[in-house]
Amino acid sequence: MPNPPLWQPGPGEIQPDVKRRAVELVAALGAWPPGGQGAEAARARVAALGLPPGLADQAGPLAPVAPEASLEVVDAQYGGILADSASVLVVCRQWTRQPDGSTAAGGTTVDVRLGRAEPRWTVTALHPGEPGPEAAAPAPAVARVLAEPRIELPPEAVADLRSGLVHDTVTAAMLRLAGPYTLTVSVVRSGHPLDVFGTTRPSDHPLGRAFDVWRIDGRAVVDPATPRQLIESFMRDAAAAGSYNVGGPVAIPGVGNQFFTDDTHHDHVHVGFNS
C-alpha cells in the first residue's frame with residue numbers, strides 16, 4: 001500500500017492551521033492500518049484529534065468497506081475563508097485493500113467546514129463530493145481532456161468529467177489553456193460549496209461551469225516563489241478562453257467582475273463560465 005507523507009501547508013498560506021486541521025481529519029478518516037476499519041475505530045481516530053467523534057459519520061466515500069486503506073492529500077484549497085468560519089477543499093487519492101489482497105485506487109474531494117475556536121479551529125461538518133454516475137460515453141472534448149498530459153486531474157475531477165455534467169465551455173477552456181501551460185486542476189464540479197462561501201449566491205462549480213487550478217507549470221499558485229507574471233498571464237489567458245469570472249492572488253484591472261482577488265483565491269485560480 002502507498003504510504004505518502006501527510007500534506008503540510010507551505011509558505012504563503014494565510015491561515016495555515018485551518019488547512020492543517022482539515023487535512024488531519026480527512027487523513028484520520030480515509031486511512032487505517034489492517035484491522036482499523038469500521039465506524040467505531042474511525043470515531044476513535046477523530047476523538048484523538050480533539051474533534052467531535054460524530055464527524056466520522058459524515059465520512060461517506062472516505063470510509064469504504066475495506067480492511068486497510070491509505071490516503072494522499074493532493075492539495076488543500078480554500079472554498080472560503082472568513083473571520084470566524086472557513087471551508088477547506090481537501091483533494092484526495094485513496095487506496096484500499098481488496099478481499100483478494102489486491103489494491104484498488106480511487107479518491108474524493110471533501111468540503112471541510114470549520115469554525116474559529118481556541119486553541120485551534122474546530123471542524124463543524126464534512127461534505128464529501130458526489131460526482132454522480134458515469135455517462136454512457138464521454139463527449140469527444142471530455143475524452144480529449146482526459147487524454148491530455150498537460151491537464152492534471154485528481155480522481156474527483158475525472159469523475160466529474162465522466163459524469164457528463166460539466167459544460168462544454170469548461171472542457172474547451174481547459175484544452176485551450178493546455179497549449180501554453182501545464183495546469184493542475186483541484187476542483188471542477190463536486191466537492192465544492194453549493195453557494196459562494198458566506199453568501200446565498202449559487203457557485204458556478206456545482207453547476208458544472210467552473211474549474212480551479214492550484215498549480216501552473218508545476219508551480220503552486222500559493223507559493224510566493226511562483227512568478228506573479230506567470231499567474232497573471234494564466235488569468236488573462238483564462239479570460240481570453242471565455243471565462244467571465246477569473247479569480248486569483250493577483251489584482252488585474254478589468255471590466256465588471258471579470259477579474260477579482262481575495263483571501264479565498266490566494267491559493268488557486270478560479271475559472272468560471274456563465275453557460
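One distance of note links CD1 of Ile216 with OG1 of Thr182; it measures 10.5 Å at 0.5 Å rounding. In this structure, CG on Leu71 lies 10.0 Å from CE on Met1, to the nearest 0.5 angstrom. The CZ atom of Phe197 sits 10.5 Å away from the NE2 atom of His192 when rounded to the nearest 0.5 Å. Rounded to the nearest 0.5 angstrom, Met174 CE and Arg150 CZ are separated by 15.0 Å. In this structure, CG on Asp17 lies 7.0 Å from CD on Glu24, to the nearest 0.5 angstrom. Atom CD of residue Gln8 and atom NZ of residue Lys19 lie 12.5 Å apart, to the nearest 0.5 angstrom.
Side chains of His205 and Asp212: a donor on one and an acceptor on the other come within 3.5 Å. Checking Asp262 against His265 by side-chain atom types alone, a donor-acceptor pair falls below 3.5 Å. For Asp111 and Ser87, the side-chain atoms include at least one donor-acceptor pair closer than 3.5 Å.
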message = side-chain hydrogen bond (donor to acceptor under 3.5 Å, both in side chains) for Ser70 and Glu72? Distances and angles first, verdict last.
response = CA-CA 7 Å; Ser70 175; Glu72 177 190 19; over 6 Å; no
Leu177 and Phe234: CA distance, side-chain angles, deciding distance, side chain to side chain contact (heavy atoms under 4.5 Å, CB included) verdict = CA-CA 8 Å; Leu177 290 166; Phe234 183 85; 3.9 Å; yes
request  = Under the side chain to side chain contact (heavy atoms under 4.5 Å, CB included) rule, what do Gln15 and Asp263 come out as? Steps first, then yes or no, please.
outcome  = CA-CA 10 Å; Gln15 289 277 8; Asp263 284 352; over 6 Å; no
query = Can you list the steps and then say if Leu25 with Leu126 is a side chain to side chain contact (heavy atoms under 4.5 Å, CB included)?
reply = CA-CA 10 Å; Leu25 175 60; Leu126 298 174; 3.7 Å; yes
task = Verify salt bridge (Lys or Arg N to Asp or Glu O under 4.0 Å) between Glu232 and Arg236, making sure each step is shown before the conclusion.
result = CA-CA 6 Å; Glu232 180 175 342; Arg236 291 188 182 279; 3.1 Å; yes
message = Checking Trp7 against Val90 for the side chain to side chain contact (heavy atoms under 4.5 Å, CB included) test, could you report, in this order, the C-alpha distance in whole Å, the side-chain angles of both residues, the deciding distance, and whether it holds?
response = CA-CA 10 Å; Trp7 182 94; Val90 183; over 6 Å; no
request  = Could you walk me through whether Arg20 and Glu13 pass salt bridge (Lys or Arg N to Asp or Glu O under 4.0 Å), step by step?
outcome  = CA-CA 11 Å; Arg20 188 180 292 110; Glu13 295 285 358; over 6 Å; no
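Counting heavy atoms of neighbouring residues, nucleotides and ligands inside a 6.0 Å radius, atom CD of Glu130 does not exceed 12 of them. Surrounding CG of Asp168 are at most 12 heavy atoms belonging to other residues, nucleotides or ligands under 6.0 Å away.
Using a 30° and 60° split on the angle between ring planes, Phe211 and Phe273 fall in the parallel class, below 30°.
In the hydrophobic cluster analysis, where Ile, Leu, Val, Met, Phe, Trp and Tyr join through side-chain heavy atoms closer than 4.5 angstrom, Leu183 is grouped together with Val170. Hydrophobic clustering, with ILVMFWY side chains joined whenever heavy atoms are under 4.5 angstrom apart, groups Val145 together with Val166.
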Which pairs would a plain distance check flag for residues 41-56, meaning a side-chain donor or acceptor within less than 3.5 Å of a matching protein atom at least two apart in sequence or in another chain?
{"unit_1": "Arg43", "atom_1": "NE", "unit_2": "Asp57", "atom_2": "OD1", "d": "3.2"}
{"unit_1": "Arg43", "atom_1": "NH1", "unit_2": "Glu40", "atom_2": "OE2", "d": "2.4"}
{"unit_1": "Arg43", "atom_1": "NH2", "unit_2": "Asp57", "atom_2": "OD1", "d": "2.7"}
{"unit_1": "Arg45", "atom_1": "NE", "unit_2": "Ala28", "atom_2": "O", "d": "2.6"}
{"unit_1": "Arg45", "atom_1": "NH1", "unit_2": "Gly36", "atom_2": "O", "d": "2.9"}
{"unit_1": "Arg45", "atom_1": "NH2", "unit_2": "Ala28", "atom_2": "O", "d": "3.3"}

